[in-house]
Amino acid sequence: MNNNITFLLPVRIDSEYRYKNLKTILDYYGNNPKFSFIIMEADNQPRLSPVDCISKSVRYFFVHDTNPIFHRTKYINDMLRMTETEIAAVWDVDVICDEKQILAAGELACLGKLPIVYPYDGRLWCVNTAFSELFRNRLDLSILSDFPQNRYLLSGYYSVGGGFLVNVEAYRRFGWENENFVGWGPEDIERYKRIEIISEITPPRVGGEMYHLFHTRGVNSGTFDEDLAYSTKKEFCKVCAMTKEELIDYVKNWSWIS
């Protein structure tokens with residue numbers, strides 16, 4: 001079985017923390033021969049230099065985008081089309097978990113032809129500035145997992161954000177990412193519910209925690225546009241209200257998978 005995994009890293013470098021977190025992802029996972037990376041930076045100008053992305057395992061693409069709102073779902077779908085491995089890790093540039101969890105989730109998605117598997121048990125811990133910086137410098141996961149520190153769960157004990165593994169072709173049958181979600185919003189829980197409704201199975205997880213490194217929050221990290229927030233919540237409610245058959249028909253008409 002070929003269990004190589006392509007990390008899909010959509011990014012807009014809106015702060016020094018975002019830049020440092022992306023570099024940390026590449027440094028922490030980059031030595032694993034089973035992992036490769038696609039970075040898609042979308043902005044009005046490139047913030048990453050070629051030096052940041054020099055590696056035989058990294059493919060970097062820049063998309064000129066002057067919209068202040070980052071259309072993350074669209075760029076993930078663009079990268080899914082580029083993915084050459086059976087399994088992809090759709091990954092926030094700010095999250096870390098044990099690579100063994102990623103490999104286990106990838107194997108499960110591959111063997112079971114599953115659309116999605118979460119590489120953690122639902123606990124997504126937000127790490128403070130000091131411990132985030134310490135981890136960036138030492139790249140030792142025990143700094144995040146074993147040392148007493150002030151941290152909190154991002155979404156309770158059952159988060160569905162941060163990072164997840166997909167079987168690319170199986171996930172396509174479920175619509176890939178819902179591009180009706182633009183900017184920050186409930187796209188993570190919509191994805192989970194859409195797959196749950198269509199498959200009639202709770203999306204599986206593997207054991208272990210995930211950690212969210214610190215970054216400042218701007219327009220793409222919160223509810224800053226009321227009209228946009230309303231439209232994304234409306235889309236989420238629309239999906240959740242559908243039957244399995246209605247949702248299958250709805251997904252079939254999405255232009256990005258036709």
Side-chain angles (χ1 to χ4, degrees), residues 3-11 17-18 20-39 57-58 72 76 79 83 85 87-112 114-167 171 187-189 191-192 195 202-215 221:
N3 57 351
N4 291 341
I5 295 169
T6 303
F7 279 73
L8 309 184
L9 301 168
V11 66
Y17 296 104
R18 196 80 73 179
K20 291 193 292 185
N21 289 347
L22 172 60
K23 290 288 290 177
T24 299
I25 294 292
L26 297 176
D27 290 342
Y28 187 71
Y29 294 124
N31 290 326
N32 191 316
K34 295 184 181 296
F35 295 160
S36 59
F37 307 84
I38 300 175
I39 300 172
S57 65
V58 178
R72 186 173 184 273
I76 291 171
M79 288 187 285
T83 302
T85 55
I87 305 300
V90 181
W91 214 255
D92 289 0
V93 299
D94 308 297
V95 298
I96 292 286
C97 72
D98 193 312
E99 64 181 28
K100 293 178 182 177
Q101 295 169 216
I102 297 170
L103 290 169
E107 183 174 358
L108 187 58
C110 186
L111 288 174
L114 300 174
I116 191 169
V117 179
Y118 292 92
Y120 67 112
D121 58 16
R123 291 173 295 169
L124 176 53
W125 292 102
C126 284
V127 182
N128 65 27
T129 311
F131 275 87
S132 294
E133 190 63 23
L134 191 59
F135 175 78
R136 293 187 198 105
N137 291 332
R138 299 189 182 180
L139 300 178
D140 181 351
L141 195 63
S142 68
I143 291 169
L144 305 181
S145 61
D146 297 349
F147 286 84
Q149 57 189 279
N150 292 324
R151 63 183 189 178
Y152 63 92
L153 289 169
L154 186 62
S155 302
Y157 284 94
Y158 298 101
S159 175
V160 290
F164 55 94
L165 281 289
V166 300
N167 183 304
Y171 188 37
E187 73 277 6
D188 290 326
I189 186 62
R191 178 190 308 115
Y192 181 95
I195 291 171
T202 300
R205 298 179 181 273
V206 301
E209 301 170 308
M210 180 176 278
Y211 307 93
H212 186 285
L213 302 178
F214 176 83
H215 65 83
S221 300

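The structure presented is a predicted model; accordingly, all values stated were derived computationally and were not measured.
Asp121 has its side chain out of reach of Val206: every pair of non-hydrogen atoms, C-beta onward, lies at least 4.5 Å apart. In this structure, Leu26 and Val58 have side chains that are in contact, with non-hydrogen atoms separated by less than 4.5 Å. Side-chain atoms of Met210 and Trp125, non-hydrogen and from C-beta on, never get closer than 4.5 Å to each other. Within the 4.5 Å cutoff, the side chain of Leu165 has no heavy atoms near those of the Tyr118 side chain. By the 4.5 Å heavy-atom criterion applied to side chains, Ile5 and Leu103 are counted as neighbours. In this structure the side chain of Leu213 never reaches within 4.5 angstrom of the side chain of Val93, judged on heavy atoms. Looking only at side-chain heavy atoms (C-beta outward), Pro204 and Leu108 come within less than 4.5 Å of each other.
Looking at Asp98 and Lys100, no side-chain N of the basic residue comes within less than 4.0 Å of a carboxylate O on the acidic one, giving no salt bridge. We find that Asp92 and Arg72 are joined by a salt bridge, their nearest charged nitrogen and carboxylate oxygen being less than 4.0 Å apart.
Side-chain polar atoms of Asp94 and Asn21 form a donor-acceptor pair below 3.5 angstrom. Side-chain contact annotation: Ser159 with Tyr120, donor-acceptor N/O pair under 3.5 Å present.
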Audit row: Tyr29, Asn32, side-chain contact (heavy atoms from CB on, under 4.5 Å) steps and yes/no: CA-CA 6 Å; Tyr29 294 124; Asn32 191 316; 5.8 Å; no
Stepwise side-chain contact (heavy atoms from CB on, under 4.5 Å) check, Ile38 with Leu9: CA-CA 6 Å; Ile38 300 175; Leu9 301 168; over 6 Å; no
Val11 vs Ile39, side-chain contact (heavy atoms from CB on, under 4.5 Å): CA-CA, chis, key distance, verdict: CA-CA 7 Å; Val11 66; Ile39 300 172; 4.0 Å; yes
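Of all heavy-atom pairs spanning Ile195 and Pro203, the tightest one is CG2-CG, 4.1 Å. Summarising the geometry of Cys126 relative to Leu154, their closest heavy-atom pair is SG-CD1, 3.4 Å, with the distance given to 0.1 Å. The shortest non-hydrogen separation linking Gln101 to Glu209 is NE2-O, 3.3 Å. Summarising the geometry of Pro119 relative to Cys97, their closest heavy-atom pair is O-SG, 4.0 Å, with the distance given to 0.1 Å. Listed here is the closest heavy atom pair of Val95 and Gly162: CG2-O, 3.4 Å.
To the nearest 0.5 Å, atom CD1 of residue Ile189 and atom OH of residue Tyr158 are 13.0 Å apart. To the nearest 0.5 Å, atom OG of residue Ser57 and atom CG of residue Asn31 are 8.5 Å apart. With rounding to the nearest 0.5 Å, the separation of OH in Tyr152 from CG in Asn128 is 10.0 Å. Rounding to the nearest 0.5 Å gives a distance of 12.0 Å between OG of Ser145 and CD1 of Ile96.
Ser132 contributes a side-chain N or O that, together with a main-chain N or O of Phe214, makes up a donor-acceptor pair within less than 3.5 Å. When atom types are taken as modelled, the side chain of Thr85 and the backbone of Ile87 share a donor-acceptor pair closer than 3.5 angstrom. Between the Arg151 side chain and the Leu144 main chain, a donor and an acceptor come within less than 3.5 Å of each other. Although no hydrogens or angles enter the test, the distance criterion places a donor-acceptor pair under 3.5 Å between the side chain of Gln149 and the main chain of Ile143.
Trp91 and Phe7 have perpendicular rings, their planes meeting at more than 60° on a 0 to 90° scale where under 30° would count as parallel. The aromatic rings of Phe37 and Phe35 lie perpendicular to each other, with more than 60° between the two planes, well past the 30° mark.
Residue pairs satisfying the salt bridge (Lys or Arg N to Asp or Glu O under 4.0 Å) criterion with at least one member in residues 124-141, sequence neighbours excluded, are listed as follows: Lys20-Glu133, Glu133-Arg136.
Figure legend: cation-pi geometry between Arg123 and Tyr157 absent, as NZ or CZ is not positioned both under 6.0 Å from the six-membered ring centre and within 45° of its axis.
Judged as a side chain to side chain contact (heavy atoms under 4.5 Å, CB included), and not counting sequence neighbours, the contacts of Leu139 are Thr24, Asp27, Tyr28, Phe135.
With Arg191 as the fixed residue, the side chain to side chain contact (heavy atoms under 4.5 Å, CB included) test singles out one of Val160, Val90, Ile116: Ile116.
Heavy atoms from other residues, nucleotides or ligands lying under 6.0 Å from CG of Asn150 number 12 at most.
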